[in-house]
S.K.: 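Provided herewith is a single structure, encoded as structure tokens, for subsequent inquiry.
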Amino acid sequence: MGAPRTGALLLAAVLLVTGCAPDPGGAPPEPAGTAPAAAASSAPASSGPAPSAPVPSAAAPPPGAATTAPGAGPAAEPGAGPDLDDPASLAVVVNKRRPLDPPDWAPAALEDVEGHLLRPEAAAAARGLLTAARADGVPIRIVSGYRSFAEQSGTYAGWVARKGRAAADTASARPGHSEHQTGLAVDVGDGSGCDLQVCFDGTAAAAWVAEHGPEHGFVVRYPWGEHGTTGYWYEPWHLRYLGPERARELVRSGAATLEEFSGLPPAPDYGPAAG
């Protein structure tokens, strides 16, 4: 990693308050140098938990158990074409200008993977990814998986109450706008002290998932330097499940982001479409 990028990573780690931060009541003080709320509101946030405090996971059922969410939408039909709007589709795109519809949508079923919940398709793939990485001698673990609309609502409301809406938008994803709510997003780490922090970029686990993740259907959702499109700063730990075929197709296309690959406009902030 060159000196300019290293410096930028360190600066990002110091200045940014991340977007899936834990409840503000238990959150650490803002790091020195954080921009005032009025100025920070225009800066893209990170979708992941605050660097110095891991996000609590949703309560998990016994290993291997599946749960069904009342009122959840039907699963996508096998062989159906990509549907970027359907929350049940593996191709769905969720960002600051594309909320889930309905906003409180929940997966029809969730499975436990080492204490974290994911949709069955993503869960099976995540187990394969973990097994393959560990077989290659790479330490890796899941840090965060599915988070419900209710959980995200409580977290976001806490930030609004403490810091105001403008600052909250730099620290916590609005409910209905989080990829974790789809059950297709997973945050990984290696327990080295860089979990959910920018320094994870320099770990063997980050290098492995960037190279081999597509083989298992996962892509790094928020790449380096693409925050103007994704709305989030670089998160080498945040993986999005697309399915092996679509993930490899994205890599072959040369597209830098899921938005570009899907033919969608950038979503740097909460525009009019986000309500």
S.K.: Hey, quick one: are Leu84 and Val94 part of the same hydrophobic cluster, counting side-chain heavy atoms closer than 4.5 Å, chains of contacts allowed?
M.R.: no

S.K.: Under a 4.5 Å side-chain heavy-atom rule over Ile, Leu, Val, Met, Phe, Trp and Tyr, are Val220 and Leu184 clustered together?
M.R.: yes

S.K.: Could Arg246 and Glu121 be called an ion pair, given the rule that one side-chain N must be under 4.0 Å from one carboxylate O?
M.R.: no

S.K.: Which atoms form the tightest heavy-atom contact between Ala206 and Pro236, and what is the distance?
M.R.: CB-CB, 4.5 Å

S.K.: Please name the pair of heavy atoms, one in Pro214 and one in Ala210, separated by the smallest distance, quoted to 0.1 Å.
M.R.: CD-O, 4.0 Å

S.K.: For Arg127, run the side-chain hydrogen bond (donor to acceptor under 3.5 Å, both in side chains) check against Glu114, His216, Glu111 and tell me which one passes.
M.R.: Glu111

S.K.: Starting at CG of Leu130, measure out to CZ of Arg141 and round the result to the nearest 0.5 Å.
M.R.: 12.0 Å

S.K.: Please tell me whether Ile142 and Trp208 are part of a single hydrophobic cluster in this structure, the criterion being side-chain heavy atoms less than 4.5 Å apart.
M.R.: yes

S.K.: Between Glu259 and Arg221, is the closest basic N to carboxylate O distance under 4.0 Å?
M.R.: yes

S.K.: To check you understand the geometry: which heavy-atom pair defines the closest contact between Leu118 and Ala185, and what is its length?
M.R.: CD2-O, 3.4 Å

S.K.: Is there side-chain contact between Leu196 and Trp237, with heavy atoms separated by less than 4.5 Å?
M.R.: yes

S.K.: Testing the basics here: between Phe200 and Cys194, what is the closest heavy-atom pair and its distance to 0.1 Å?
M.R.: CB-O, 3.3 Å

S.K.: Locate the shortest heavy-atom distance separating Ser178 from Arg147; write the atom from each residue and the value.
M.R.: OG-NH2, 4.4 Å

S.K.: About how many Å separate NE2 of His116 and CG of Leu110, when rounded to the nearest 0.5 Å?
M.R.: 13.5 Å

S.K.: State, to 0.1 Å, how close Ala106 and Tyr146 come at their nearest heavy-atom pair, and which atoms those are.
M.R.: CB-OH, 3.8 Å

S.K.: Among residues at least two apart in sequence or on other chains, which ones pass side chain to side chain donor-acceptor pair (under 3.5 Å) with Asp101?
M.R.: none

S.K.: Can you check side-chain contact (heavy atoms from CB on, under 4.5 Å) on Asp85 and Arg98, steps first, answer last?
M.R.: CA-CA 8 Å; Asp85 301 318; Arg98 291 178 57 83; 2.6 Å; yes

S.K.: When you measure from the side chain of Arg97 to the backbone N and O of Asp269, does any donor-acceptor pair fall under 3.5 Å?
M.R.: yes

S.K.: Can we call the ring centroids of Tyr270 and His177 under 6.0 Å apart?
M.R.: yes

S.K.: Could you tell me whether the side chain of Thr155 and the main chain of Glu151 form a donor-acceptor pair under 3.5 Å?
M.R.: yes

S.K.: Could you check Val219 against Leu258 for side-chain contact (heavy atoms from CB on, under 4.5 Å), going step by step and ending with a plain yes or no?
M.R.: CA-CA 9 Å; Val219 297; Leu258 183 57; 5.9 Å; no

S.K.: Show, in sequence, the C-alpha distance, side-chain angles and deciding distance for Arg165 and Arg174, and conclude whether the side-chain contact (heavy atoms from CB on, under 4.5 Å) test is met.
M.R.: CA-CA 10 Å; Arg165 187 176 178 87; Arg174 294 181 187 179; 3.1 Å; yes

S.K.: Quick one: are Val209 and Val138 in side-chain contact, heavy atoms under 4.5 Å?
M.R.: no

S.K.: Run the side chain to side chain donor-acceptor pair (under 3.5 Å) test against Ser192 and tell me which residues pass, sequence neighbours left out.
M.R.: Asp190

S.K.: Would you tell me whether His180 and Asp187 have side-chain atoms, one donor and one acceptor, within less than 3.5 Å of each other?
M.R.: yes

S.K.: Say whether, by atom type as modelled, one donor and one acceptor occur between the side chain of Thr182 and the main chain of Glu179 under 3.5 angstrom.
M.R.: yes

S.K.: Between Val186 and Ile140, is there a shared hydrophobic cluster once you connect ILVMFWY residues whose side-chain heavy atoms come closer than 4.5 Å?
M.R.: yes

S.K.: Check whether any side-chain heavy atom of Val92 lies under 4.5 Å from a side-chain heavy atom of Arg240, and answer yes or no.
M.R.: yes

S.K.: Using the rule that Ile, Leu, Val, Met, Phe, Trp and Tyr join whenever any side-chain heavy atoms are under 4.5 Å apart, tell me whether Leu239 and Val113 fall into a single cluster.
M.R.: yes

S.K.: Would you compute the distance between atom CD of Gln181 and atom CG of Leu100 and round it to the nearest 0.5 angstrom?
M.R.: 5.0 Å

S.K.: For Phe218, what residues pass the ring-ring contact (aromatic ring centres under 6.0 Å, His included) criterion, not counting sequence neighbours?
M.R.: Tyr241

S.K.: For Asn95 and Tyr222: C-alpha separation, side-chain torsions, deciding distance, then whether side-chain contact (heavy atoms from CB on, under 4.5 Å) applies.
M.R.: CA-CA 11 Å; Asn95 58 35; Tyr222 306 120; over 6 Å; no

